[in-house]
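Each remark here refers to the structure printed beneath this line.
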Amino acid sequence: MYRDESACNTYNYGDALYWDARYIQDAGSGPFDWYQRYAALRPFVRKYIPTASRVLMVGCGNAVMSEDMVKDGYKEIVNVDISSVAIDIMRRKHEQIPELQYMQMDVRDMSFFPDESFDSVIDKGTLDSLMCGTNAPISASQMLGEVSRLLKPGGVYMLITYGDPTVRMPHVNRPVYNWKIELYNIPRPGFQKPVDSTSGLKSYLEPIPLTEAGLLPADYVMEDPDSHFIYICKKTETKYISG
Ligand SMILES: C[S@@+](CC[C@H](N)C(=O)[O-])C[C@H]1O[C@@H](n2cnc3c(N)ncnc32)[C@H](O)[C@@H]1O
(Lines give C-alpha, C1' and ligand atoms only; values in the text may rest on other atoms or scores of the structure.)
Protein backbone atom coordinates (compact mmCIF):
# COMPACT_ATOMS: atom_id res chain seq x y z
CA MET A 1 0.00 0.00 0.00
CA TYR A 2 1.28 3.47 -0.82
CA ARG A 3 2.11 5.73 2.11
CA ASP A 4 1.53 8.81 0.01
CA GLU A 5 -2.11 8.79 -1.01
CA SER A 6 -1.50 11.11 -3.93
CA ALA A 7 0.31 8.16 -5.57
CA CYS A 8 -2.10 5.34 -4.84
CA ASN A 9 -4.17 5.50 -8.03
CA THR A 10 -1.88 2.90 -9.59
CA TYR A 11 -3.92 0.24 -7.80
CA ASN A 12 -7.67 0.47 -7.33
CA TYR A 13 -7.61 -0.41 -3.64
CA GLY A 14 -11.06 1.13 -3.24
CA ASP A 15 -12.59 -1.08 -5.92
CA ALA A 16 -14.30 -4.43 -5.18
CA LEU A 17 -13.29 -5.75 -8.64
CA TYR A 18 -9.62 -5.13 -7.83
CA TRP A 19 -9.89 -7.15 -4.61
CA ASP A 20 -11.89 -10.00 -6.17
CA ALA A 21 -9.27 -10.34 -8.92
CA ARG A 22 -6.47 -10.23 -6.39
CA TYR A 23 -8.03 -12.90 -4.14
CA ILE A 24 -8.66 -15.16 -7.16
CA GLN A 25 -5.06 -14.71 -8.31
CA ASP A 26 -3.67 -15.35 -4.80
CA ALA A 27 -5.97 -18.30 -4.03
CA GLY A 28 -3.10 -20.80 -4.14
CA SER A 29 -0.74 -18.75 -2.00
CA GLY A 30 -2.61 -19.06 1.28
CA PRO A 31 -3.59 -16.36 3.76
CA PHE A 32 -1.95 -12.96 4.01
CA ASP A 33 -1.98 -10.39 6.81
CA TRP A 34 -1.35 -6.79 5.83
CA TYR A 35 1.01 -4.69 7.95
CA GLN A 36 1.13 -6.72 11.17
CA ARG A 37 0.23 -10.14 12.54
CA TYR A 38 -1.89 -10.70 15.62
CA ALA A 39 1.16 -11.58 17.77
CA ALA A 40 2.48 -8.02 17.41
CA LEU A 41 -0.93 -6.43 17.92
CA ARG A 42 -1.95 -8.64 20.81
CA PRO A 43 -0.87 -6.27 23.62
CA PHE A 44 -3.16 -3.56 22.20
CA VAL A 45 -6.03 -5.87 21.34
CA ARG A 46 -6.01 -7.48 24.79
CA LYS A 47 -5.71 -4.10 26.51
CA TYR A 48 -8.67 -2.48 24.76
CA ILE A 49 -10.90 -5.38 23.68
CA PRO A 50 -12.12 -7.85 26.32
CA THR A 51 -12.38 -11.45 25.07
CA ALA A 52 -16.16 -11.47 25.71
CA SER A 53 -16.63 -8.58 23.24
CA ARG A 54 -18.72 -8.87 20.10
CA VAL A 55 -16.11 -7.79 17.53
CA LEU A 56 -16.62 -6.53 13.97
CA MET A 57 -13.59 -7.04 11.70
CA VAL A 58 -14.04 -4.63 8.79
CA GLY A 59 -12.35 -5.61 5.51
CA CYS A 60 -11.10 -8.95 6.89
CA GLY A 61 -9.61 -10.11 3.57
CA ASN A 62 -7.96 -13.53 3.97
CA ALA A 63 -5.94 -12.51 7.04
CA VAL A 64 -5.27 -14.91 9.92
CA MET A 65 -5.92 -12.20 12.52
CA SER A 66 -9.50 -13.26 13.45
CA GLU A 67 -8.57 -16.94 13.68
CA ASP A 68 -5.63 -16.07 15.95
CA MET A 69 -7.93 -13.99 18.13
CA VAL A 70 -10.29 -16.94 18.57
CA LYS A 71 -7.32 -19.14 19.53
CA ASP A 72 -6.53 -16.43 22.11
CA GLY A 73 -10.01 -16.62 23.66
CA TYR A 74 -12.25 -14.27 21.64
CA LYS A 75 -15.80 -15.60 21.41
CA GLU A 76 -17.53 -13.74 18.61
CA ILE A 77 -15.97 -12.06 15.60
CA VAL A 78 -18.13 -10.97 12.68
CA ASN A 79 -15.95 -10.51 9.60
CA VAL A 80 -17.05 -8.43 6.63
CA ASP A 81 -15.41 -7.66 3.31
CA ILE A 82 -16.56 -6.20 0.00
CA SER A 83 -14.90 -9.09 -1.86
CA SER A 84 -17.26 -12.06 -2.21
CA VAL A 85 -14.22 -14.12 -3.27
CA ALA A 86 -12.43 -13.47 0.05
CA ILE A 87 -15.63 -14.09 2.03
CA ASP A 88 -16.31 -17.43 0.26
CA ILE A 89 -12.75 -18.61 0.89
CA MET A 90 -12.84 -17.61 4.56
CA ARG A 91 -16.33 -18.98 5.20
CA ARG A 92 -15.34 -22.37 3.80
CA LYS A 93 -12.04 -22.37 5.69
CA HIS A 94 -13.66 -21.58 9.04
CA GLU A 95 -16.98 -23.40 8.78
CA GLN A 96 -16.05 -25.49 11.85
CA ILE A 97 -15.26 -22.40 13.94
CA PRO A 98 -18.58 -21.04 15.29
CA GLU A 99 -16.86 -18.00 16.83
CA LEU A 100 -16.17 -16.69 13.30
CA GLN A 101 -18.87 -15.41 10.94
CA TYR A 102 -18.29 -14.07 7.42
CA MET A 103 -20.49 -11.69 5.43
CA GLN A 104 -19.98 -9.90 2.15
CA MET A 105 -20.61 -6.22 2.87
CA ASP A 106 -19.50 -2.73 1.90
CA VAL A 107 -18.27 -0.95 5.05
CA ARG A 108 -19.81 2.27 3.74
CA ASP A 109 -23.28 0.79 4.24
CA MET A 110 -23.61 -1.68 7.08
CA SER A 111 -27.31 -0.98 7.61
CA PHE A 112 -27.79 -4.74 7.98
CA PHE A 113 -26.57 -4.30 11.58
CA PRO A 114 -28.62 -2.39 14.19
CA ASP A 115 -27.16 0.62 16.04
CA GLU A 116 -24.78 -0.12 18.91
CA SER A 117 -24.54 -3.82 18.09
CA PHE A 118 -20.76 -4.24 18.56
CA ASP A 119 -18.38 -3.73 21.47
CA SER A 120 -15.39 -3.26 19.18
CA VAL A 121 -14.49 -2.72 15.55
CA ILE A 122 -11.06 -3.63 14.16
CA ASP A 123 -9.77 -2.17 10.91
CA LYS A 124 -6.40 -3.26 9.55
CA GLY A 125 -5.85 -1.59 6.21
CA THR A 126 -9.46 -1.05 5.16
CA LEU A 127 -9.82 2.70 5.73
CA ASP A 128 -6.43 2.88 3.98
CA SER A 129 -7.97 1.10 0.97
CA LEU A 130 -10.87 3.53 0.84
CA MET A 131 -8.40 6.42 0.99
CA CYS A 132 -6.95 5.05 -2.24
CA GLY A 133 -10.30 4.88 -4.01
CA THR A 134 -12.47 7.40 -5.79
CA ASN A 135 -14.34 9.91 -3.60
CA ALA A 136 -12.01 8.99 -0.74
CA PRO A 137 -13.14 11.64 1.78
CA ILE A 138 -16.81 10.74 1.23
CA SER A 139 -16.09 7.01 1.48
CA ALA A 140 -14.10 7.57 4.68
CA SER A 141 -16.88 9.58 6.31
CA GLN A 142 -19.50 7.00 5.27
CA MET A 143 -17.40 4.18 6.73
CA LEU A 144 -16.48 6.00 9.95
CA GLY A 145 -20.09 7.14 10.44
CA GLU A 146 -21.18 3.50 10.19
CA VAL A 147 -18.45 2.35 12.59
CA SER A 148 -19.47 4.97 15.15
CA ARG A 149 -23.14 4.05 14.77
CA LEU A 150 -22.43 0.35 15.30
CA LEU A 151 -20.31 0.82 18.43
CA LYS A 152 -21.87 0.61 21.86
CA PRO A 153 -21.07 3.54 24.18
CA GLY A 154 -17.65 2.78 25.67
CA GLY A 155 -16.81 0.60 22.65
CA VAL A 156 -13.53 0.86 20.74
CA TYR A 157 -12.66 1.32 17.07
CA MET A 158 -9.08 0.10 16.59
CA LEU A 159 -7.57 1.42 13.37
CA ILE A 160 -4.26 -0.07 12.22
CA THR A 161 -2.87 2.04 9.40
CA TYR A 162 0.22 3.43 7.73
CA GLY A 163 -1.41 6.88 7.91
CA ASP A 164 0.18 9.35 10.32
CA PRO A 165 -2.00 11.89 12.14
CA THR A 166 -1.57 14.59 9.49
CA VAL A 167 -3.43 12.42 6.95
CA ARG A 168 -5.74 10.41 9.25
CA MET A 169 -6.85 12.80 12.00
CA PRO A 170 -8.81 15.07 9.62
CA HIS A 171 -11.01 12.06 8.81
CA VAL A 172 -11.02 10.19 12.11
CA ASN A 173 -11.02 12.98 14.68
CA ARG A 174 -14.43 14.55 14.01
CA PRO A 175 -16.74 15.45 16.92
CA VAL A 176 -19.69 13.80 15.19
CA TYR A 177 -18.15 10.35 15.82
CA ASN A 178 -18.15 11.01 19.51
CA TRP A 179 -14.91 9.27 20.44
CA LYS A 180 -11.66 10.00 22.25
CA ILE A 181 -8.47 8.98 20.47
CA GLU A 182 -5.22 7.50 21.74
CA LEU A 183 -2.35 6.84 19.33
CA TYR A 184 0.45 4.28 19.24
CA ASN A 185 3.24 3.71 16.75
CA ILE A 186 4.82 0.30 16.15
CA PRO A 187 7.66 -0.66 13.82
CA ARG A 188 7.02 -2.85 10.80
CA PRO A 189 7.73 -6.58 11.32
CA GLY A 190 11.45 -7.32 11.27
CA PHE A 191 12.55 -3.71 11.75
CA GLN A 192 16.00 -3.49 13.36
CA LYS A 193 16.75 -0.46 15.48
CA PRO A 194 19.77 1.45 14.12
CA VAL A 195 22.87 0.76 16.23
CA ASP A 196 23.22 4.49 17.00
CA SER A 197 19.58 4.75 18.12
CA THR A 198 19.20 7.29 20.91
CA SER A 199 15.76 6.13 22.01
CA GLY A 200 16.76 2.76 23.43
CA LEU A 201 14.25 2.95 26.27
CA LYS A 202 11.28 3.95 24.14
CA SER A 203 8.34 1.60 24.65
CA TYR A 204 5.94 1.05 21.79
CA LEU A 205 3.32 0.19 24.40
CA GLU A 206 3.12 3.80 25.61
CA PRO A 207 0.58 6.08 23.90
CA ILE A 208 2.06 9.08 22.10
CA PRO A 209 1.23 12.39 23.84
CA LEU A 210 -0.56 14.26 21.05
CA THR A 211 -0.68 18.02 20.55
CA GLU A 212 -3.88 20.00 21.08
CA ALA A 213 -4.58 19.58 17.36
CA GLY A 214 -4.19 15.80 17.63
CA LEU A 215 -0.82 15.74 15.86
CA LEU A 216 2.55 14.22 16.73
CA PRO A 217 4.68 16.42 19.01
CA ALA A 218 7.34 18.39 17.11
CA ASP A 219 10.15 16.44 18.81
CA TYR A 220 8.62 13.02 18.14
CA VAL A 221 11.17 10.65 16.58
CA MET A 222 9.83 7.88 14.36
CA GLU A 223 12.71 5.41 14.12
CA ASP A 224 11.09 3.32 11.41
CA PRO A 225 9.73 5.51 8.61
CA ASP A 226 7.60 2.54 7.49
CA SER A 227 6.07 1.98 10.92
CA HIS A 228 2.36 1.58 11.56
CA PHE A 229 -0.01 3.62 13.67
CA ILE A 230 -2.71 2.27 15.94
CA TYR A 231 -5.56 4.67 16.60
CA ILE A 232 -7.68 3.69 19.58
CA CYS A 233 -10.98 5.53 19.19
CA LYS A 234 -13.10 5.04 22.29
CA LYS A 235 -16.74 5.99 21.92
CA THR A 236 -17.80 8.19 24.80
CA GLU A 237 -20.74 7.24 26.95
CA THR A 238 -22.72 10.40 26.23
CA LYS A 239 -24.38 11.28 22.94
CA TYR A 240 -22.82 14.07 20.84
CA ILE A 241 -25.05 17.13 20.70
CA SER A 242 -24.41 19.18 17.57
CA GLY A 243 -24.43 22.98 17.45
C1 LIG B 1 -5.38 -3.88 2.71
S2 LIG B 1 -6.54 -5.19 2.73
C3 LIG B 1 -6.53 -5.67 4.45
C4 LIG B 1 -7.08 -7.05 4.68
C5 LIG B 1 -7.00 -7.52 6.14
N6 LIG B 1 -7.71 -6.62 7.03
C7 LIG B 1 -5.57 -7.65 6.60
O8 LIG B 1 -5.20 -7.02 7.59
O9 LIG B 1 -4.81 -8.39 5.98
C10 LIG B 1 -8.06 -4.26 2.61
C11 LIG B 1 -9.33 -5.11 2.60
O12 LIG B 1 -10.44 -4.21 2.59
C13 LIG B 1 -11.42 -4.74 1.72
N14 LIG B 1 -12.24 -3.61 1.27
C15 LIG B 1 -11.89 -2.59 0.44
N16 LIG B 1 -12.92 -1.74 0.29
C17 LIG B 1 -13.95 -2.21 1.06
C18 LIG B 1 -15.27 -1.78 1.31
N19 LIG B 1 -15.76 -0.68 0.76
N20 LIG B 1 -16.05 -2.53 2.15
C21 LIG B 1 -15.56 -3.67 2.71
N22 LIG B 1 -14.31 -4.13 2.51
C23 LIG B 1 -13.51 -3.41 1.68
C24 LIG B 1 -10.65 -5.41 0.61
O25 LIG B 1 -11.42 -6.37 -0.08
C26 LIG B 1 -9.47 -6.02 1.39
O27 LIG B 1 -9.76 -7.33 1.80
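Remember, it's 1-based here, ligands and their atoms both numbered in the order they're listed. Computed from a prediction, not measured in an experiment: that's the story for all the values here. Residues take their numbers from the sequence shown, with the count starting at 1.
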Counting only heavy atoms, which portion of [X] has something under 4.0 Å from ligand 1: side chain, backbone, both, or neither?
X	result
Y35	neither
M105	backbone
L130	side chain
W19	side chain
C60	backbone
V107	both

key: Among K124, Q36, R22, closest by any non-hydrogen atom to atom 3 (C) of ligand 1   = K124
note = Among D81, D128, I122, closest by heavy atom to atom 25 (O) of ligand 1 is D81
ask   = Does the side chain to side chain donor-acceptor pair (under 3.5 Å) test come out yes or no for D81 and S83, once each step is laid out?
value = CA-CA 5 Å; D81 200 287; S83 166; 4.6 Å; no
Hey, which atoms in ligand 1 end up nearer than 4.0 Å to a heavy atom of [X]?
X	result
D33	9 (O)
G125	1 (C), 10 (C)
F32	9 (O)
D106	18 (C), 19 (N), 20 (N)
G61	27 (O)

Sub-3.5 Å donor-acceptor pair from the side chain of [X] to the main-chain atoms of [Y], do we have one?
X	Y	result
W179	V172	yes
K235	S148	yes
N62	F32	yes

inquiry  = For ligand 1, which is the ligand I care about here, please tell me if Y23 has any N or O atom under 3.5 Å from one of the ligand's N or O atoms.
reply    = yes
key: N/O separation below 3.5 Å, G59 to ligand 1   = yes
ask   = Hey, which of D128, T126, D123 is the one that makes side-chain hydrogen bond (donor to acceptor under 3.5 Å, both in side chains) with T161?
value = D128
ask   = Do the ring centers of Y162 and H228 come within less than 6.0 Å of each other?
value = no
ask   = Touching ligand 1 at all, M57? Heavy atoms, strictly under 4.0 Å?
value = no
task = Look up atom CG in D15 and atom OG1 in T134, then write down how far apart they are to the nearest 0.5 Å.
result = 7.5 Å
Side chain to side chain donor-acceptor pair (under 3.5 Å) evaluation trace for Y38 with D72 = CA-CA 10 Å; Y38 179 61; D72 197 27; 2.6 Å; yes
query = Of K152, R54, K75, which is the lone residue that meets salt bridge (Lys or Arg N to Asp or Glu O under 4.0 Å) with D119?
reply = K152
query = Are E182 and Y48 linked by a side-chain donor-acceptor pair shorter than 3.5 Å?
reply = yes
